[in-house]
There are 2 protein chains.
Amino acid sequence: MRDVAAAAGVSLKTVSRVVNGESFVRPDTAERVRDAIARLGFQRNDLARTLRGGGRTRSIGLIIEDVANPFYSQIARGVEDVARAGGRLVISGSSDEDPARELLLIRSLCERRVDGLLIVPSQTGDPRRRAELIAGTPAVFLDRPADDPAADTVLIDNLGGARTAVDHLLAHGHRRIACLVDLPEIFTARQRHQGYLEALAAHGVQADPALVRTGRHDVRGAGHAMTELLALPDPPTAVFAGNNLLTVGALRAIGAAGTRTALVGFDDVELADLLATPVTVIAHEPADMGRQAAELLEGRIRGDTGPPARILLPTRLVARGSGEIPPG
Amino acid sequence: MRDVAAAAGVSLKTVSRVVNGESFVRPDTAERVRDAIARLGFQRNDLARTLRGGGRTRSIGLIIEDVANPFYSQIARGVEDVARAGGRLVISGSSDEDPARELLLIRSLCERRVDGLLIVPSQTGDPRRRAELIAGTPAVFLDRPADDPAADTVLIDNLGGARTAVDHLLAHGHRRIACLVDLPEIFTARQRHQGYLEALAAHGVQADPALVRTGRHDVRGAGHAMTELLALPDPPTAVFAGNNLLTVGALRAIGAAGTRTALVGFDDVELADLLATPVTVIAHEPADMGRQAAELLEGRIRGDTGPPARILLPTRLVARGSGEIPPG
DNA sequence: TTGAAAGCGCTAACAG
DNA sequence: CTGTTAGCGCTTTCAA
């Protein structure tokens with residue numbers, strides 16, 4: 001910028017005025033400055049700008065489990081849309097459910113002075129350490145609650161969704177219903193597991209612990225678990241799969257075993273409608289979760305000082321076939 | 001930092017030393033400083049640090065078409081893995097194939113002084129404007145070439161993949177093979193279309209223009225096109241779908257029409273193996289493309305000054321069923 | 001309408 | 001081992 005000023009024969013401040021489109025610059029002066037800018041290929045340094053302005057970096061941080069998981073990438077898209085409208089960029093990072101990695105990301109993002117943080121909190125770490133790092137930066141939690149009751153949070157109705165799924169299977173006559181869920185540390189997994197148990201209890205069906213497989217975190221793990229379940233002496237006639245990855249794993253195992261096992265999955269999955277037996281799911285809108293969280297954050301960044309928001313997003317059962325298969 | 005220095009009764013520079021883990025600080029002094037840091041909740045300001053150091057922001061920009069499209073989100077994951085290893089964060093943005101949006105993103109990212117740029121270039125804008133903005137920032141192009149022959153580029157073997165797909169259908173006896181491709185401005189779409197034509201020509205099959213539908217950019221558009229094709233007086237017995245979204249659209253239309261139309265799709269899609277008729281695809285590794293591009297960029301950032309790299313990633317045909325359906 | 005000076009928060013270079 | 005000084009590139013404040 002100094003060079004531009006020299007080239008245009010004006011002061012630093014005048015260049016600054018032109019670059020920022022402030023008024024009170026004579027058109028011909030402005031023209032000369034713009035020429036110099038073009039000639040020198042000058043680009044304003046946003047770091048210096050933000051530093052001096054004491055202002056915003058016009059960026060937000062997004063910490064999710066895995067950018068490549070469609071559930072999270074849809075969230076990311078919703079977040080981006082809102083951030084864009086607010087003139088902000090999104091710096092996203094995958095925590096891979098590793099608390100150390102999460103803390104590292106939070107620290108990096110805060111040190112970069114992002115205007116705010118959107119976090120799907122990993123749940124195996126120490127919540128206080130996280131809270132300490134975040135201190136001062138507006139933050140909204142998605143998909144899972146933070147420990148902090150004062151934090152804005154956007155969740156899905158996990159309990160209700162899971163109950164609906166299992167109710168549906170019970171209504172179709174199933175009594176031996178398996179349950180595949182993620183790591184027990186993860187809030188959504190616990191909620192969905194609980195929803196499963198509650199639905200059974202509400203129908204007076206005795207839960208069989210042998211039919212529950214927790215701690216399945218990927219497609220392969222879910223596949224193995226499902227294969228084992230199907231090999232039981234008294235196998236389940238139906239299964240509730242606790243998320244998109246587990247649904248895929250369960251479907252593969254059922255396909256390989258060649259059984260007519262009913263299935264309802266939590267999260268919608270691409271092509272679910274085109275499978276040999278189209279997949280019944282508990283659907284919801286991840287992009288909407290991202291949008292709502294980002295909007296909440298936007299408000300906080302702008303200085304909103306209302307009470308903590310806690311949004312619960314609805315789910316809906318989409319019956320496509322796999323959930324309507326009758327028992328054996 | 002000033003406050004920390006005051007609280008600890010030391011100079012600014014000493015605090016800086018402790019924060020940055022430099023040596024030559026007496027343990028008890030360091031301890032006092034660390035106490036003050038913890039008490040005051042101090043966090044180093046990375047903007048100031050980078051500004052003064054004249055150094056890197058330890059971030060890279062990633063511009064793709066849509067974060068939520070699995071093809072791109074897998075790329076993003078590959079990029080992130082390499083960036084992480086290099087201690088960098090990824091700022092990603094969706095251009096939505098809009099050149100204005102792309103330029104805006106490039107400008108924002110350069111003004112923020114990202115260390116480098118990874119770009120899937122939209123192809124409807126002016127390449128010179130893009131080049132001007134990028135000037136000075138290392139950049140690598142993915143999936144599509146930039147106009148610039150001096151630019152590092154990582155591409156998939158679109159031509160070869162498309163030819164393989166159509167060869168496969170021809171080998172199974174098809175002669176009326178439809179072709180669904182994206183907007184003709186897009187490099188990959190043109191290449192895949194050309195591969196289709198070349199395969200037909202190589203087998204001495206006369207191409208029927210009525211069977212080619214270009215300019216399909218989403219699932220719905222592909223669905224409509226496919227429905228029209230199937231309604232022709234002399235419909236195709238097979239179709240080559242030019243990308244993941246078009247494959248999904250075509251599958252939906254074929255499913256709705258209830259025909260036994262053969263299909264080979266470019267890009268692999270989740271659950272393709274579990275469809276009523278499992279989907280034969282031209283598969284490749286998007287994450288690997290992201291990784292390779294990020295590694296190239298990492299090299300440039302570190303000062304690599306070799307000749308421009310141009311990497312062509314292989315594809316492979318995964319025969320699962322839909323590509324092996326014989327003609328009607 | 002323009003410019004000079006001060007300073008954002010930090011680190012590099014050089015003293016002590 | 002610790003402190004002082006200068007300055008990264010910009011904007012803010014005040015003066016001309």
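Below, read A as the first sequence line, B as the second, and so on, with proteins coming before strands; counting in each chain starts at 1.
Nucleotides of DNA chain C that come within less than 4.0 Å of any heavy atom of chain A span, from the 5' end to the 3' end, C/dT1 to C/dG9.
Under the side chain to side chain donor-acceptor pair (under 3.5 Å) criterion, A/Asn45 pairs with no residue at all, not counting sequence neighbours. With sequence neighbours excluded, the residues forming a side-chain contact (heavy atoms from CB on, under 4.5 Å) with A/Asp98 are A/Ala100, A/Arg101, listed by chain and number. Checked against ring-ring contact (aromatic ring centres under 6.0 Å, His included), A/His284 has the following partners two or more places apart in sequence or in another chain: A/Phe71, A/Phe266. Annotation: side-chain contact (heavy atoms from CB on, under 4.5 Å) contacts of B/Ala293 (sequence neighbours excluded): B/Leu118, B/Val140, B/Leu142, B/Val154. With sequence neighbours left out, B/Asp143 forms a side chain to side chain donor-acceptor pair (under 3.5 Å) with no residue at all. Scanning for side chain to side chain donor-acceptor pair (under 3.5 Å) contacts around B/Thr188 gives an empty result, with sequence neighbours left out. Residues passing the side chain to side chain donor-acceptor pair (under 3.5 Å) test with A/Asp152, sequence neighbours excluded: A/Arg300. Residues passing the side-chain contact (heavy atoms from CB on, under 4.5 Å) test with A/Glu111 are A/Arg107, B/Arg44, B/Asp46, sequence neighbours excluded.
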Q: At under 4.0 Å between heavy atoms, which parts of nucleotides 7-16 of chain D does protein reach? Answer with one letter per nucleotide, 5' to 3': B base, S sugar-phosphate only, - none.
A: BBBBBB----
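Sorted by first then second residue, the side chain to side chain donor-acceptor pair (under 3.5 Å) pairs that include residues 27-37 of chain A, not counting sequence neighbours, are A/Arg26-A/Asp28.
Each end of the helix from C/dT1-D/dA16 to C/dG16-D/dC1 yields a helix axis from five base pairs, and these two axes differ in direction by 40° (to the nearest 10 degrees).
One finds a side-chain N or O of B/Thr14 lying less than 4.0 angstrom from the OP1 or OP2 phosphate oxygen of D/dG3.
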Q | Derivation and outcome, salt bridge (charged side-chain N to carboxylate O under 4.0 Å, His left out), residues B/Arg77 and A/Asp96 | A | CA-CA 11 Å; B/Arg77 182 60 210 233; A/Asp96 292 327; 2.8 Å; yes
